[in-house]
Trainee: 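Below: one structure in structure tokens.
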Amino acid sequence: MNLDVENVRLTGLSTIDSNGDRLLTSKTSSSSHSSSKISVATTEKDNDSQSDLDGSFSNGSASPAVNSATNLAPSKTQSEKKPNKICDFLLSKLTNGHREEPKTSPLPNKLRLLDEHMKRTRSLAGPSPNCRFGPKAQLFQPAAEDTDQLDVSAASSFNYHDPGNTRLNWYTLPQSVLVIKKARDHDVLEPFVQLIRCLLRKGMQVFVEESVLTEEISQKCEVFIKMKDQLCTFVQGCDGLNEKIDFIVCLGGDGTLLYAGSLFQTSVPPVMAFHLGSLGFLTPFEFVDVETKIDSVLSGHANLTLRSRLKCVIRSKEAASHVLKSADAGGGATVAGSGDTVAMRNGFRNEDATHVVLNDVVIDRGPSPYLVHIDLFADGQLVTSVQGDGLIISTPTGSTAYAVAAGASIIHPGVPAIMITPICPHSLSFRPIVVPAGCDLRVMVSENARDSAWVSFDGRNRQQLSIGDSLRITTSVYPLPSICAADQMQDWFNGLAGCLHWNVRKPQKKLDPDL
């Protein structure tokens with residue numbers, strides 16, 4: 001963008017989101033010419049949220065649009081001069097920004113942005129997904145001349161990923177594979193042994209749960225007993241798998257896939273799911289001609305469905321109060337949106353206070369006879385108070401789980417969105433809604449509630465939320481890369497028709513033209 005002003009020099013125009021994860025820096029240098037150009041460069045620390053800087057100036061008027069927290073720092077020579085009208089004008093337009101204190105010297109008071117509670121700290125489109133899946137896999141990036149997908153400049157606030165053009169690409173051939181099978185199911189044992197034998201023949205390092213080796217049904221299989229010494233084992237919660245696993249194979253139903261995803265709270269290796277369970281909406285592969293299908297995936301001939309996940313952080317009332325007191329005392333103060341780290345650092349919650357879910361997080365009344373009374377906030381603003389049996393916050397993948405049973409719509413996993421679905425609300429007008437994936441949600445047990453609430457994450461880790469406790473929910477930058485049997489659309493519609501019997505009815509008879 002061009003700035004038609006004489007002798008203007010601005011330095012250090014920065015944009016930092018609520019988590020400090022993205023920084024936009026723009027600098028302008030001027031001489032005696034009557035126009036200067038501002039260039040914007042983007043540096044990413046961890047794509048957890050986005051910022052956007054765009055604007056145009058002409059004929060002395062300006063209309064910049066800034067959707068993030070912004071600092072404006074002048075050079076030393078400029079701060080000693082008389083006030084600059086352009087700086088004052090920019091500041092007047094940046095009232096939605098959030099002031100980030102510099103680590104070196106304090107900013108002049110006249111250049112500080114006074115609005116501490118910014119309206120937007122991240123793009124509504126949601127965070128750019130991390131496109132590295134485990135140690136050896138990534139998203140295939142086609143050459144610019146080979147694709148007609150949307151052209152997004154380097155200064156854009158998020159990276160565009162066409163859901164229909166997400167293909168698997170290996171850095172190097174995967175060497176380690178994690179096999180997760182459905183527990184306590186005799187029908188899965190034979191396919192499990194067949195798959196392990198196939199993977200060992202290919203020279204791969206095979207990981208299984210330690211409990212699998214001691215299962216009663218496994219001990220009765222002589223073929224498995226001969227192979228178990230060649231297997232590597234792990235214990236959930238004790239052994240880190242992030243740097244060990246290149247590839248995941250699931251044998252079971254949707255619950256098996258959910259469990260496999262829960263083992264990786266950050267980057268998830270590509271997941272190949274075989275349908276050997278009850279429903280199988282998330283497991284597109286049939287256990288037929290397995291070795292050929294494995295070879296095809298290992299050679300990189302596979303499409304991916306990037307299933308978004310939700311990052312959920314619990315904060316107790318005591319932790320929130322402690323952070324506020326620390327901020328007032330000048331110690332431990334943090335920018336808005338980073339308090340979940342402070343809460344864990346100060347010991348109010350253990351390491352299990354953060355959960356990443358693939359389907360949904362459910363807040364309900366548990367065993368209490370009273371209605372649950374919780375307040376719902378979006379981007380720091382109170383949206384509504386929920387009085388009923390509970391609330392479901394789900395991903396598009398979770399739209400076919402608990403949410404659809406509660407009356408929500410079904411959403412394709414390629415749509416960047418978060419669903420908010422009430423459970424038996426005591427209101428005739430409270431309908432399920434869909435919000436953008438970049439929305440920062442917070443659910444708090446109301447101070448007027450008669451009893452506490454309960455929360456569960458993908459049906460697991462159920463725990464109590466006392467009055468005043470809150471739960472922050474955002475879209476994670478680490479999606480689950482699910483390998484497609486065909487492609488992103490065909491697999492989804494096959495699941496709707498085959499598993500959920502979507503729109504199945506007897507066909508209407510046509511009229512007889514002779515009558």
Trainee: State whether a side-chain donor-acceptor pair under 3.5 Å links T266 with N242.
Mentor: yes

Trainee: Between V361, I423, I420, which is the residue that forms a side chain to side chain contact (heavy atoms under 4.5 Å, CB included) with L391?
Mentor: I420

Trainee: Could you go through I248 and F133, starting from their C-alpha distance and side-chain angles, then the distance that decides it, and tell me whether this counts as side chain to side chain contact (heavy atoms under 4.5 Å, CB included)?
Mentor: CA-CA 11 Å; I248 303 174; F133 315 121; over 6 Å; no

Trainee: Let me confirm one number: the CZ-OG distance from R450 to S446, rounded to the nearest 0.5 Å.
Mentor: 12.0 Å

Trainee: Would you check if there is a donor-acceptor pair between the side chains of Q265 and T354 at a distance under 3.5 Å?
Mentor: no

Trainee: For the residue pair A273 and T283, what are the closest heavy atoms and their distance?
Mentor: CB-CG2, 3.6 Å

Trainee: I'd like to know whether E210 forms a side chain to side chain contact (heavy atoms under 4.5 Å, CB included) with F234, so could you lay out the CA-CA distance, the side-chain angles of the two residues, the decisive distance to 0.1 Å, and finally the verdict.
Mentor: CA-CA 6 Å; E210 188 175 278; F234 76 95; over 6 Å; no

Trainee: Are any side-chain N or O atoms of T475 and backbone N or O atoms of A437, one a donor and one an acceptor, separated by less than 3.5 Å?
Mentor: yes

Trainee: Rounded to the nearest 0.5 Å, what separation is found between the CD1 atom of I180 and the CG atom of L263?
Mentor: 5.5 Å

Trainee: Looking only at heavy atoms, what is the nearest atom pair of C439 and A378, with distance?
Mentor: SG-CB, 3.8 Å

Trainee: Check whether T397 reaches the backbone of R307 with its side chain - one donor and one acceptor, N or O, closer than 3.5 Å.
Mentor: no

Trainee: Would you compute the distance between atom NE2 of H426 and atom CG of D389 and round it to the nearest 0.5 angstrom?
Mentor: 10.0 Å

Trainee: Is S466 close to V445 at the side-chain level, that is, under 4.5 Å between some pair of heavy atoms?
Mentor: no

Trainee: Could you grab the distance from atom OG of S308 to atom CG of L480, nearest 0.5 Å is fine?
Mentor: 10.0 Å

Trainee: For the pair D254 (side chain) and L282 (backbone), establish whether a donor and an acceptor sit closer than 3.5 Å, ignoring hydrogens and angles.
Mentor: yes

Trainee: Please test S427 against Q387 for side chain to side chain contact (heavy atoms under 4.5 Å, CB included), starting from the C-alpha separation and ending with a verdict.
Mentor: CA-CA 8 Å; S427 168; Q387 297 180 80; over 6 Å; no

Trainee: Identify the two heavy atoms, one from I411 and one from S399, that lie closest to each other, and give their separation to 0.1 Å.
Mentor: N-OG, 3.0 Å

Trainee: For the residue pair H412 and W492, does the interplanar ring angle fall in the parallel (under 30°), tilted (30 to 60°) or perpendicular (over 60°) class?
Mentor: perpendicular

Trainee: For residues W454 and P367, report the shortest heavy-atom separation together with the two atoms involved.
Mentor: NE1-CD, 3.4 Å

Trainee: Give a yes or no on this: more than 12 heavy atoms of other residues, nucleotides or ligands lie within 6.0 Å of atom CD of E243.
Mentor: no

Trainee: Between E215 and A183, what is the shortest heavy-atom contact and its length?
Mentor: OE2-CA, 4.1 Å

Trainee: Determine yes or no for a side-chain-to-main-chain donor-acceptor pair under 3.5 angstrom, with T474 supplying the side chain and D440 the backbone.
Mentor: no

Trainee: Could you walk me through whether R309 and D458 pass the salt bridge (Lys or Arg N to Asp or Glu O under 4.0 Å) check?
Mentor: CA-CA 11 Å; R309 301 195 293 171; D458 276 346; over 6 Å; no

Trainee: Locate the shortest heavy-atom distance separating I374 from V372; write the atom from each residue and the value.
Mentor: CG2-CG2, 3.9 Å

Trainee: Hey, are the side chains of V455 and Q463 touching, using non-hydrogen atoms and a 4.5 Å cut-off?
Mentor: yes

Trainee: Within the supplied structure, the quantity of interest is the number of heavy atoms (other residues, nucleotides, ligands) at a distance under 6.0 Å from R462 CZ; does it exceed 12?
Mentor: yes

Trainee: Is there a side-chain contact between P269 and F247, using heavy atoms and a 4.5 Å cut-off?
Mentor: no

Trainee: Donor-acceptor pair, D360 side chain versus I393 backbone, under 3.5 Å?
Mentor: no

Trainee: Quick one: pull up SG in C250 and CG in L178 and give me the separation to the nearest 0.5 Å.
Mentor: 7.5 Å

Trainee: Between E447 and I467, is there a side-chain heavy-atom distance shorter than 4.5 Å?
Mentor: yes

Trainee: Just do the side chain to side chain contact (heavy atoms under 4.5 Å, CB included) check on D469 and S316 with the steps written out, would you?
Mentor: CA-CA 4 Å; D469 289 357; S316 67; 3.7 Å; yes

Trainee: What is the distance from atom CZ of R442 to atom CG of D379, rounded to the nearest 0.5 Å?
Mentor: 11.5 Å

Trainee: Within the structure provided, determine whether I314 and F457 are in side-chain contact (heavy-atom separation under 4.5 Å).
Mentor: yes

Trainee: Under 6.0 Å from the OH atom of Y402, do we count more than 12 heavy atoms belonging to anything else shown?
Mentor: no

Trainee: How about P481 and L168: do any of their side-chain heavy atoms sit closer than 4.5 Å?
Mentor: no

Trainee: Short question: side chain of T305, backbone of Q488 - any donor-acceptor pair under 3.5 Å?
Mentor: no

